[in-house]
Amino acid sequence: MSLKSVRALCAGLGSAACVAGATPALADTAQLSIGATSQASSLYAYHVAVAQLLNGTLDDVNVSVVETGGGLDNMRRLSEGQVDWGMMAEPDLYEYYKGLGPFEGQPNPDFRTFWTTTPLAYLFVVAADSDVRSVADLDGQAFNGGGRGSGTERASFEALGAMGVEPDWFRTGMSDAVTAFQDRRIVGFTKAGPPAAPDSAILNAQTARDIRLLDWTEEDIAAVQAEYPHFDFMAVEDTPYDTGPMNLRVVFITMGTTKDMPEDTAYNIFRTVAENVDKVAESYGAVAGLDIAQQTVERAQTPLHPGVVRYLREGGHEIPDRLIPPEMQ
């Protein structure tokens, strides 16, 4: 990392880690930074736990966590060399890599997948006493697609647009959307949340109206993936809202890096994270029992970093050709 980058990082963090990074004892240590998210997010704790694990296990790295605005901000910081890896989502990372969607014509071919963690579902919530029983039924209905300008809103626009479904979009912030739902001004809203744990905004909405979650039929999924083949769906046996089996539109929290990270450094970091999931889970329970290596092979859509490929091959994993980076072909 350049001196300019170190100074910028320290200015943003004001942390003891930056002060320590300037001492002679760490002169041969790689100073690395993670682009995380807001400290108000539970995911921030995940990045702190990862940094503590790496700093306590690897002798040749010193990792600091940078509070950021989330995926889009991390994409910008990563492309400008301000962080060494950052939290994004898949398939968003794929769109950054290829220059698709909102990044049309602006690809980042040096981006690489570092690892993939837990799913985040786009939950389509409607009133249980409404006539809306399918995603297609949202056509013409007053509906909020997610916080105005958010990735959730964009995901709603794109998926429903691919199906030819056009709600009467109620564009506002998430808290206002929940209030509008409670006041019966809209039939429902989309909320990003964990598929296996209740979301506070949805619980709040339920205090005034009973809810129904909309299922994605195989026909719905086929229509969406005909236009957006990189959009991901996941079948679940149940949700925290007692829905029973259904299909959810999901993204996977993903760490993105670039090919500029040395292969040995990436290998050692990935190995440490993959083999110490339970230690990280002590601070961020959502990853407890997660097989990071297998999850990365199954859910990544953007080419992997060569250091990750080396570790996975050593572990006997079969890696799809599409995940082999150009520099290894």
Side-chain angles (χ1 to χ4, degrees), residues 37-38 40-41 43 68-76 87-89 91-92 95-96 100-106 120-195 198-216 220-221 223-225 227-228 230-233 241 248-251 253:
T37 184
S38 165
S41 169
L43 277 164
T68 72
L72 285 173
D73 188 20
N74 290 335
M75 186 277 293
R76 177 186 60 80
M87 184 197 78
M88 300 181 193
D92 292 356
E95 292 187 336
Y96 303 157
L100 300 175
F103 312 100
E104 187 72 39
Q106 299 177 329
L120 190 67
Y122 292 130
L123 302 169
F124 279 58
V125 180
V126 298
D129 59 0
S130 73
D131 294 330
V132 178
R133 297 184 175 276
S134 70
V135 176
D137 289 341
L138 289 172
D139 195 59
Q141 298 283 341
F143 185 77
N144 171 265
R148 187 181 183 95
S150 68
T152 301
E153 184 185 57
R154 177 169 63 86
S156 298
F157 287 175
E158 292 175 341
L160 268 62
M163 294 175 57
V165 175
E166 184 62 33
D168 179 9
W169 293 113
F170 182 83
R171 300 192 66 194
T172 187
M174 198 67 248
S175 61
D176 289 339
V178 171
T179 300
F181 174 79
Q182 293 173 324
D183 294 344
R184 297 179 177 270
R185 287 177 284 145
I186 60 176
V187 73
F189 56 89
T190 307
K191 179 66 176 67
D199 178 85
S200 59
I202 297 176
L203 293 178
N204 184 26
Q206 284 183 290
T207 61
R209 301 175 77 180
D210 290 338
I211 67 163
R212 174 187 299 128
L213 290 193
L214 299 181
D215 187 19
W216 293 84
D220 295 339
I221 295 171
V224 172
Q225 291 186 331
E227 186 166 347
Y228 301 102
H230 54 288
F231 279 15
D232 209 349
F233 294 83
Y241 313 98
L248 300 176
R249 161 86 168 93
V250 295
V251 295
I253 303 301

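The first residue in the sequence is number 1, and the count goes up from there.
Listed by chain and number, the residues in a salt bridge (Lys or Arg N to Asp or Glu O under 4.0 Å) with D129 are R184, R209 (sequence neighbours excluded). Qualifying side chain to side chain contact (heavy atoms under 4.5 Å, CB included) partners for R154, counting only residues two or more places apart in sequence or in other chains: D92, E95, P102, E158. Checked against ring-ring contact (aromatic ring centres under 6.0 Å, His included), Y228 has the following partners two or more places apart in sequence or in another chain: F231. Under the side-chain hydrogen bond (donor to acceptor under 3.5 Å, both in side chains) criterion, S175 pairs with no residue, sequence neighbours left out. Partners of T207 under the side-chain hydrogen bond (donor to acceptor under 3.5 Å, both in side chains) rule, at least two apart in sequence or in another chain, are Q182. Partners of D176 by side chain to side chain contact (heavy atoms under 4.5 Å, CB included), not counting sequence neighbours, listed by chain and number: T172. Under the side-chain hydrogen bond (donor to acceptor under 3.5 Å, both in side chains) criterion, E153 pairs with R171, not counting sequence neighbours. The side-chain hydrogen bond (donor to acceptor under 3.5 Å, both in side chains) test applied to W216 returns no partner, not counting sequence neighbours. By the side chain to side chain contact (heavy atoms under 4.5 Å, CB included) test, S134 pairs with A136, D137, sequence neighbours left out. Qualifying side chain to side chain contact (heavy atoms under 4.5 Å, CB included) partners for D73, counting only residues two or more places apart in sequence or in other chains: T68, R76, R77. D210 is linked by a salt bridge (Lys or Arg N to Asp or Glu O under 4.0 Å) to nothing, counting only residues two or more places apart in sequence or in another chain.
Judged purely by atom type and a 3.5 angstrom limit, N74 has no side-chain atom pairing as donor or acceptor with the backbone of M88. For D168 (side chain) and G140 (main-chain N/O), no donor-acceptor pair under 3.5 Å exists by modelled atom type.
Screening residues 125-167 for ring-ring contact (aromatic ring centres under 6.0 Å, His included) gives F124-F143, F157-W169 as the qualifying pairs, with residues at least two apart or on separate chains.
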### Task
Go through Y241 and D199 one step at a time and tell me if the side-chain contact (heavy atoms from CB on, under 4.5 Å) criterion holds.
CA-CA 10 Å; Y241 313 98; D199 178 85; 3.5 Å; yes
### Task
Given side-chain contact (heavy atoms from CB on, under 4.5 Å), test K191 with T152 step by step and report yes or no.
CA-CA 7 Å; K191 179 66 176 67; T152 301; over 6 Å; no
### Task
Evaluate side-chain contact (heavy atoms from CB on, under 4.5 Å) for R249 paired with S156, printing each intermediate quantity in order.
CA-CA 10 Å; R249 161 86 168 93; S156 298; over 6 Å; no
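Shortest non-hydrogen contact noted between M163 and A223 is CG-CB, 4.2 Å.
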